[in-house]
Every structure is written in C-alpha cells, then in structure tokens.
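These numbers come from the heavy atoms of this one structure, side chains and all, not from hydrogens, waters or symmetry mates.
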Amino acid sequence: MRNSTDPVPTAGIGQEVSSPGMARGLGADKAGEGKYIQAYFDNTKSASCVFLHRPTVLSKWSQGKLDPILLKALCAAGRRFLEGVDNDLVQAWMHEARLSILARLNKFSLSRLQALVLMIQFYLRNGDTVEAWNLMSLAARFAFTLRLNYERPDLDPLTQESHRRLFWAIYLLDRLFSSGTEDLSLCHLERIHIRLPCDDRSFERGIVSRAEYFKREEGTEASGMDPLAYLIRLYECREKILIHTKQVRRQGISPAAMADTQAALQEELDQFEVSLPDHLQYRAESLAILAYSADAHSFFLIRTIWLQCHCDLYRFFVPGIRESVSSTVTANTPVEYVDFCTDKCLSSALKLCDFWTDMLQLWTADLIEETLVDEPRFADEPRLEGR
C-alpha cells in the first residue's frame with residue numbers, strides 16, 4: 001500500500017497514450033487540427049503561464065497519442081485566435097471536452113487536468129465566469145491530489161517544469177477568483193513547495209531549472225527566471241493588499257489604525273520593484289526599445305499591475321467607489337492621513353495614465369486593450385473610472 005506521504009504516480013509528458021477507441025470528434029482534418037494547435041502556441045503569451053510543451057504536444061499529436069479530450073480543448077483554445085472563427089463550433093468543442101471530463105472523474109489524469117485548466121482560461125476570456133468558477137475548485141483539488149505543489153526530482157526536467165507551470169497557472173486563476181477574500185482561496189502559499197517558472201528557453205530545451213522558490217533566500221541571485229515568476233510574486237503582494245483593504249472596510253475601522261500594515265505592504269511593493277531584472281525595469285529613456293522586445297507583454301503587465309497595487313493600497317478615501325470607507329470613518333480619521341492616502345492613490349493613478357499614454361505612442365490602442373483583456377486574470381485589473 002502506498003504511504004499517504006508518497007507522491008501520487010503521474011505520467012511524464014511523453015507517457016500518456018490515448019485510448020484507440022476514443023474518436024476525436026472534432027469534425028476537422030489533421031491539417032486543421034495542426035493549424036489550431038500552432039495558433040494556440042503562436043498567440044498565447046508567456047504571461048498566460050503556458051504549461052504545455054510545444055514540441056512534445058506536436059510530437060504526440062502527430063503520432064495519434066495526444067489525449068483526445070486535451071486535443072479538443074487545445075484546438076478550441078487555438079481556433080479562437082484565427083480569423084473567421086465559428087464561435088458556436090468552438091464553444092461546442094469546449095463543451096464536449098468539459099462533459100467528457102466530468103463523466104470520467106474516476107479516471108482523472110495529468111492530461112485531463114491540463115485540459116481542465118485550458119477550459120477555465122477559455123471560459124474566463126469569453127466572459128463565462130460562472131462556468132469557470134464551477135470548474136476551478138475541481139482543478140485545484142486534483143492538482144493537490146496529484147501533488148503538483150511538490151517538487152518531483154524523480155522526473156525529467158522537462159516534465160518537472162510542465163508540472164510546475166500547470167500548478168502556477170491554477171494558482172494565478174485562484175488569485176483572480178479570491179481577490180483578497182481568504183475564504184475563497186484554494187491555493188495557499190504555505191502549501192506550495194515548488195520552484196517558480198523558469199525561462200522559456202530552458203523549458204523549451206528541457207534544461208534543469210535554476211529558478212528560485214517563491215520565498216527568496218537571502219544572498220541568492222535570481223537566475224533563469226521567467227517574467228511570469230515576477231508576476232506570480234506581484235500577484236501575491238496584490239492579494240495581501242486586497243486582504244488588508246477588505247479587513248479595514250469589514251471591521252469599520254480607520255485605515256490609520258493599521259498604518260503599520262500599510263507601510264509594510266508599501267515596502268513589499270518597493271522591494272519587488274528593486275528585485276526586477278534590468279530588462280523588466282521601467283526606464284523612460286529605454287521604453288521605446290523595451291516596447292518591442294520579447295518581454296514587452298510581460299513588462300507592460302508588471303508595470304500596470306504594480307501601479308494598480310498602489311492605487312488599491314491607498315484608495316480608502318476616494319469618494320464614489322465601493323472600496324472607500326464610510327463618511328463616518330473618514331470624519332474620524334486625521335486629516336493629514338486622509339490627504340496622504342488620497343495623494344498617494346491619485347499620484348499612482350496619474351503615473352499609470354502617463355505610462356499608458358507613453359505606450360500609446362508605441363503601441364496601438366487595440367494592442368493595449370488586447371494585452372489587458374486577453375489574459376483572463378488581468379481582464380478586470382486596470383480600471384481607473386471614478387478614481
């Protein structure tokens with residue numbers, strides 16, 4: 001009998017073989033399938049936490065060994081990027097894949113979990129939050145059951161990184177859903193014992209990861225870290241900020257009573273900015289070059305969310321938004337502190353607007369909008385209305 005502390009056996013990336021009797025049911029020929037798979041990898045940004053290894057997926061697909069449910073979800077996810085897309089057909093593919101998973105929960109596998117996460121991301125991008133929400137708890141539970149939150153040194157480097165990225169994708173989706181409401185959180189940081197995502201080059205080539213764990217050890221330097229790793233750290237900081245602001249409003253106390261917590265969170269934001277590598281640092285004089293680099297998408301999101309976190313941390317006294325404290329609390333708060341928070345929120349919002357204005361000189365408005373809404377966990381982030 002397997003000890004309860006032993007890792008649940010999972011197949012490596014190249015080990016799962018689909019059932020020969022399970023038809024694809026896509027209504028697409030082999031060339032069409034290949035086009036949809038390529039479209040997914042060509043158009044999905046690294047900040048989306050791509051956990052599928054392109055060469056392995058294409059190799060298994062060409063041999064007819066790719067799990068048919070994963071194939072259907074992957075083709076649906078890829079076809080949405082193509083012109084002349086039939087949305088009804090794409091929705092039907094994803095719906096069929098979802099039903100197949102729910103009908104075979106007793107035969108769950110890594111590839112089925114991969115398909116499930118693709119579904120959640122797909123439904124969020126299409127505005128079907130309820131469907132995504134219903135599947136999220138299932139994905140998190142199976143991720144922990146498969147013990148993806150632990151390192152697996154017995155597996156090859158490529159498979160290890162694919163496992164890590166799959167879990168981090170679930171973690172980021174969880175942070176989107178919980179948004180500072182601790183009772184809704186499924187993936188608690190103290191239960192995660194894996195490295196952050198390594199750079200795409202190492203993942204592509206199956207090189208052993210040198211990425212850090214989430215909690216950086218003193219005296220160590222970040223090495224082989226993907227920009228996604230910094231986004232993960234930033235999102236955890238954002239989660240702490242939202243927990244803090246919700247706690248203040250829920251208790252009906254003056255934010256000044258928790259000024260020490262606010263200062264600690266500001267220090268965390270400052271330390272995060274310092275920790276960024278040179279190619280992700282914001283410098284006005286090099287923005288024109290960075291905007292067209294391979295890391296442009298990640299840089300834009302990091303800068304946007306970092307500034308938004310400042311707005312979130314200090315928005316208590318901005319009138320007309322749901323995050324503000326009551327007028328009674330405001331009246332009982334020192335005027336100096338109210339002015340301090342209001343000025344910090346406003347200055348951060350203006351910096352964000354200035355940043356977008358600078359980016360509009362380099363990118364089109366459509367490209368900026370696409371960058372913000374294409375990633376499901378960022379779709380609701382930068383909203384400055386009323387601030």
Do the side chain of [X] and the main chain of [Y] share a donor and acceptor less than 3.5 angstrom apart?
X	Y	answer
Arg112	Ile101	no
Asp199	Arg201	yes
Glu212	Leu196	no
Gln281	Glu273	yes
Asp174	Leu186	yes
Ser162	Leu158	no

Checklist entry - Can Arg54 and Asp42 be counted as an ion pair, charged N to O under 4.0 angstrom? => result yes
Checklist entry - Any chance the rings of Phe340 and Tyr314 have centres within less than 6.0 Å? => result yes
Checklist entry - Under 6.0 Å between ring centres, would you say that holds for Trp306 and Tyr282? => result no
So, for [X] and [Y], which heavy atoms are closest and what is the spacing to 0.1 Å?
X	Y	value
Ala291	Leu362	CB-CD1, 3.6 Å
Ser100	Ile69	CB-CD1, 3.5 Å
Ala140	Cys187	CB-SG, 4.4 Å
Tyr337	Gln262	OH-OE1, 2.6 Å
Ala169	Cys49	N-SG, 3.5 Å
Arg249	Val325	CG-CG1, 4.4 Å

Can you measure from [atom1] ([X]) to [atom2] ([Y]) and round to the nearest 0.5 angstrom?
X	Y	atom1	atom2	value
Leu189	Phe214	CG	CZ	5.0 Å
Cys345	Leu350	SG	CG	9.5 Å
Asn134	Met119	CG	CE	13.5 Å
Tyr235	Leu228	OH	CG	11.5 Å
Trp168	Ile192	CH2	CD1	4.5 Å
Leu135	Ile120	CG	CD1	5.5 Å

Is there a side-chain contact between [X] and [Y] in this structure, where contact means two heavy atoms from C-beta onward sitting under 4.5 Å apart?
X	Y	answer
Arg303	Met359	no
Ile194	Leu148	no
Leu234	Arg238	no
Tyr230	Ser298	no
Asn43	Leu82	no
Arg79	Leu89	yes

With sequence neighbours left out, what residues match [X] under side chain to side chain donor-acceptor pair (under 3.5 Å)?
X	answer
Lys240	Glu268
Arg141	none
Thr330	none
Ser178	Glu239

Next on the checklist: Show, in sequence, the C-alpha distance, side-chain angles and deciding distance for Leu105 and Leu138, and conclude whether the side chain to side chain contact (heavy atoms under 4.5 Å, CB included) test is met.
Outcome noted: CA-CA 10 Å; Leu105 292 179; Leu138 184 63; 4.0 Å; yes
Next on the checklist: For a side-chain hydrogen bond (donor to acceptor under 3.5 Å, both in side chains) check, start with the C-alpha distance between Ser326 and Thr328, then their side-chain angles and the critical distance, and finish with the verdict.
Outcome noted: CA-CA 5 Å; Ser326 67; Thr328 302; 4.6 Å; no
Single-linkage hydrophobic cluster [X]~[Y], side-chain heavy atoms < 4.5 angstrom:
X	Y	value
Val130	Phe177	no
Ile243	Ile305	no
Tyr171	Tyr150	no
Leu166	Leu173	yes

Checklist entry - Applying salt bridge (Lys or Arg N to Asp or Glu O under 4.0 Å), which residue pairs with at least one partner in residues 162-172 are found, sequence neighbours left out? => result Glu151-Arg164, Glu161-Arg164, Glu161-Arg165, Arg165-Asp200
Next on the checklist: Test: salt bridge (Lys or Arg N to Asp or Glu O under 4.0 Å). Region: residues 277-296. Which pairs qualify, not counting sequence neighbours?
Outcome noted: Asp278-Arg283
[X] atom [atom1]: more than 12 heavy-atom contacts under 6.0 Å:
X	atom1	value
Lys35	NZ	no
Glu182	CD	no
Leu360	CG	yes
Asp270	CG	yes

Item to check | Step-by-step side chain to side chain contact (heavy atoms under 4.5 Å, CB included) determination, Ile170 to Phe144 | outcome: CA-CA 11 Å; Ile170 295 171; Phe144 281 106; over 6 Å; no
Next on the checklist: Students often mix this up, so state it plainly: with edges at 30° and 60°, are the rings of Phe316 and His244 parallel, tilted or perpendicular?
Outcome noted: perpendicular
Checklist entry - Could you walk me through whether Glu236 and Arg175 pass the salt bridge (charged side-chain N to carboxylate O under 4.0 Å, His left out) check? => result CA-CA 8 Å; Glu236 185 61 28; Arg175 285 295 174 264; 3.1 Å; yes
Next on the checklist: Working note: Phe203 + Asp226, criterion side chain to side chain contact (heavy atoms under 4.5 Å, CB included); need CA distance, chi angles, decisive distance, verdict.
Outcome noted: CA-CA 10 Å; Phe203 181 38; Asp226 192 81; over 6 Å; no
Checklist entry - Where do Gln63 and Ser59 land on the side-chain hydrogen bond (donor to acceptor under 3.5 Å, both in side chains) test, with the steps shown first? => result CA-CA 6 Å; Gln63 299 174 65; Ser59 175; 3.0 Å; yes
Checklist entry - Of the options Trp93, Phe81, Phe41, Trp61, which is the one that meets Tyr36 in a ring-ring contact (aromatic ring centres under 6.0 Å, His included)? => result Trp93
Checklist entry - Between Leu146 and Phe167, does a side chain to side chain contact (heavy atoms under 4.5 Å, CB included) hold up when you go through it step by step? => result CA-CA 10 Å; Leu146 294 172; Phe167 189 88; over 6 Å; no
Next on the checklist: Is there a salt bridge (charged side-chain N to carboxylate O under 4.0 Å, His left out) between Lys246 and Asp312? Walk through the geometry before answering.
Outcome noted: CA-CA 11 Å; Lys246 289 178 186 295; Asp312 295 338; over 6 Å; no
